[in-house]
A.B. asks: 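The structure that follows is given in the form of structure tokens.
The analysis underlying the following values was restricted to heavy atoms, covering all of them including side chains, and did not include hydrogens, waters or symmetry mates. Indexing begins at 1, ligand by ligand and atom by atom, following the structure's order. Since the structure is predicted, the reported quantities are computational estimates derived from the model, not experimental observations.
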Amino acid sequence: MECLSSVKILQKKTFLVLLVICTASFLLHMNHINWTMEVFHRSPASHSLAHKHTNVAFLKTHKTASSTLQNILFRFAEHNNLTMALPRSNCAPLFCYPKVFSSHFVHPVTLRANMITSHMRFNKTALQRLMPYDTKYITILREPASMFESLFTYYSRHSG
Ligand SMILES: *[C@@H]1O[C@H](CO)[C@@H](O)[C@H](O)[C@H]1NC(C)=O
Ligand SMILES: *[C@@H]1O[C@H](CO)[C@@H](O)[C@H](O)[C@H]1NC(C)=O
Ligand SMILES: *[C@@H]1O[C@H](CO)[C@@H](O)[C@H](O)[C@H]1NC(C)=O
């Protein structure tokens with residue numbers, strides 16, 4: 001009889017312990033779900049721009065898919081209301097290429113720029129003076145032989 005009751009007490013204790021573990025795990029799980037949902041429900045508008053790098057100088061190179069990336073950056077700039085430095089009309093579309101880049105080639109309406117993505121001959125000093133101090137400088141490099149082939153095909157079509 002005594003043995004039976006101690007078994008019952010043990011069962012009760014085990015049950016209570018299990019109940020506590022289950023409840024705790026359930027609560028933690030709920031919290032996790034809630035947290036996860038919150039992450040998914042953040043709309044782009046409520047996203048702080050502080051987490052995005054909005055100042056970018058993209059050195060556009062020839063025959064490297066750079067127009068594709070430029071297009072992506074244009075869309076990003078439009079979506080985030082950023083200012084894109086564009087060439088003056090007498091310099092367009094390549095910032096007076098093949099002259100070395102100067103801030104005089106930029107259309108004044110497109111200053112204070114967040115981004116610059118058109119073809120240019122790189123001048124670090126001139127760009128650093130033009131762009132915000134935290135600008136990210138990026139470019140695309142391509143394996144030279146295949147790039148030369150691509151350039152050759154492109155220009156032989158355009159000059160032929
Ligand atoms: C779940 O998320 C909502 C909205 O962010 C918050 O108000 C609520 O306190 C959260 N609940 C728990 C259990 O974390
Ligand atoms: C976009 O930026 C311009 C200039 O920086 C500002 O005048 C304008 O209010 C902004 N528009 C929106 C919708 O944030
Ligand atoms: C680069 O820009 C700086 C500042 O505008 C200028 O002084 C320098 O002469 C330029 N370099 C070349 C190679 O044009």
A.B. asks: Does ligand 3 have an atom that lies less than 4.0 angstrom from a heavy atom of Lys124?
C.D. replies: no
A.B. asks: For ligand 3, which atoms, with element, lie under 4.0 Å from some heavy atom of Ala126?
C.D. replies: 2 (O), 5 (O)
A.B. asks: Would you check if the side chain of Thr110 reaches a backbone N or O of Leu86 as a donor-acceptor pair within less than 3.5 Å?
C.D. replies: yes
A.B. asks: Quick one: nearest non-hydrogen protein atom to atom 4 (C) of ligand 3, plus distance?
C.D. replies: Arg129 NH1, 3.5 Å
A.B. asks: Would you say the side-chain atoms of Thr64 pair up with the backbone N or O of Arg142, donor to acceptor, closer than 3.5 Å?
C.D. replies: no
A.B. asks: Kindly indicate whether atom 9 (O) of ligand 3 is approached by any protein heavy atom to under 4.0 angstrom.
C.D. replies: no
A.B. asks: Assess the pair Tyr97 and His62: is the distance between their ring centroids shorter than 6.0 Å?
C.D. replies: yes
A.B. asks: Taking the side chain from Ser103 and the backbone from Ala126, do they hold a donor-acceptor pair closer than 3.5 Å?
C.D. replies: no
A.B. asks: Among Leu127, Leu130, Val100, Asn123, which one puts a heavy atom closest to atom 6 (C) of ligand 3?
C.D. replies: Asn123
A.B. asks: Between Ser67 and Lys60, does any side-chain donor sit less than 3.5 Å from a side-chain acceptor?
C.D. replies: yes
